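In what follows, chains carry the letters A, B, and so on, assigned in the order in which the sequence lines appear, proteins first and then strands, with residues in each chain numbered from 1. Computed from a predicted structure; not experimentally measured.
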Amino acid sequence: MRIPNLLELYHKLLNHFGSQHWWPGDSPSEVIIGAILTQQTAWKNVEKAILNLKKEKLLTVEGIANADIALLQKLVRPAGYYNQKSKRIKNVCKYLLKKYDANLDTFFDRDIKAIRNELLDMNGIGPETADSILLYAGNLPIFVVDAYTIRVCKRLGIKIGDDYEEVQRFFEKNLSKNEKSISKKVKLYNEYHALIVALGKNYCKNKKPLCEMCPLVDVCDYGRGIKHMKKRPQKYSNNN
DNA sequence: ACCCAGGTGGCCC
DNA sequence: GGGCCACATGGG
């Protein structure tokens, strides 16, 4: 079966799911905090944590940076991994406050590669979180890859490895043929990643082939890629 | 009672 | 440079 080009795929997804209006947050600082909180966690749980922080008026770089760690742990708790995440958002905010005086315009107003490397140097920020911050908080043109992106590609029969940057280049290279302007790129990358998440959540679960209701079944080899699926290790002691 | 969620860092080899 | 594993709450 023919593999559709990535822009065609995008329009099918947009047509099916509609615009996703990402990022669901109304300030760059909220996006940065949320990007860390949502790691390996359902957004629904992150919303509760965000709301807790909001009620305490802590949803700013300065607020988090100066907040008591025990309080942060309490507020962030619904988002899971609350010990790590409270520490991570505090450290990141302290860094941004100290080095950029909490001015995110200054932070984002540089070469994108330089900002990305700086983000990657912060503890708790890996490639996906860094790119989410660049794209959704900084409005910079970088394609965000996540577990769904790789899973969906494999289900579609697109030959692709597991390497983050490799998948990212694949998308950016393909889409650059269609879109040259920076601002349009940002808009396209923004919507595309959100649509892939929507697709994944609804039709491309782990350990299952593409659901037959999937809007892409007509363009993909249904069920292909099932052999690539690997369960993510999820065992750790939970003595409660 | 499972399985999973918009990952990341720290080990070990 | 890959292959495990810990991290944790809440929903299906």
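Considering only the side chain of A:A147, B:dG7 comes nearest among B:dG7, B:dT8, B:dA5. Side-chain proximity of A:P127 to C:dG10, B:dT8, C:dA8: nearest is B:dT8. Out of C:dG10, B:dA5, B:dT8, the shortest distance to the side chain of A:R88 is found at B:dT8.
Comparing the P positions of B:dG10 and C:dA8 gives an interatomic distance of 14 Å, to the nearest angstrom. For the C1' atom pair drawn from B:dA5 and C:dG3, the interatomic distance equals 22 Å after rounding to whole Å.
Contact annotation for A:Q84: base contact, defined as any heavy-atom pair under 4.0 Å involving a base atom.
Distance OH (A:Y164) to P (C:dG2): 17 Å, rounded to an integer number of Å. Spacing between atom CE of A:M122 and atom P of B:dT8 amounts to 14 Å, rounded to whole angstrom units. Taking atom NZ of residue A:K85 and atom P of nucleotide B:dT8, one finds them 11 Å apart after rounding to whole Å. Counting to the nearest Å, the P atom of B:dA5 and the CG atom of A:N202 are 12 Å from each other. The CG atom of A:N83 sits 17 Å away from the P atom of B:dG9 (whole-angstrom rounding). Spacing between atom NZ of A:K48 and atom C1' of C:dT9 amounts to 8 Å, rounded to whole angstrom units. Atom CD1 in A:I50 sits about 18 Å away from atom P in C:dT9, given to the nearest Å. Whole-Å rounding puts the A:E47 CD to C:dG10 C1' distance at 13 Å.
Phosphate contact (OP1/OP2 of B:dA5, side-chain N/O of A:Y81, threshold under 4.0 Å): absent. Not one side-chain nitrogen or oxygen of A:N45 sits closer than 4.0 Å to the OP1 or OP2 atom of C:dG11. Within the structure, every side-chain polar atom (N or O) of A:K201 is placed at least 4.0 Å from both OP1 and OP2 of C:dG11. Taking 4.0 angstrom as the limit, A:N123 places a side-chain polar atom (N or O) nearer than this to OP1 or OP2 of B:dG10. OP1 and OP2 of B:dG7 both lie 4.0 Å or more from every side-chain N or O belonging to A:Q39. Side-chain N/O atoms of A:R151 include one lying less than 4.0 angstrom from OP1 or OP2 on B:dA5. Residue A:T38 places none of its side-chain N or O atoms closer than 4.0 Å to OP1 or OP2 of B:dA5.
In terms of modelled atom types and a separation under 3.5 Å, the side chain of A:N52 and the main chain of A:L75 share a donor-acceptor contact. Judged by distance alone, with hydrogens and angles left aside, the side-chain atoms of A:H193 form a donor-acceptor pair with the main-chain N or O of A:V144 at under 3.5 Å. Proximity of a side-chain donor or acceptor of A:N190 to a complementary backbone N or O of A:V186 within less than 3.5 Å is not detected.
The 5' end of DNA chain B is approached more closely, in terms of each residue's nearest nucleotide, by A:A42 than by the other of A:A42 and A:L120. Residue order along DNA chain C, read from the 5' end via each residue's closest nucleotide, puts A:T41 first among A:K44 and A:T41. Take the nearest nucleotide of DNA chain B for A:I125 and for A:A35: the residue whose nucleotide is more 5' is A:A35.
Side-chain N/O atoms of A:Y192 and A:Q20 include no donor and acceptor closer than 3.5 Å. At a cut-off of 3.5 Å, with distance as the only test, no side-chain donor of A:T106 or A:D109 sits close to an acceptor on the other residue.
Salt-bridge annotation for A:E30 and A:K54: present, with a side-chain N of the basic residue lying under 4.0 Å from a carboxylate O of the acidic one.
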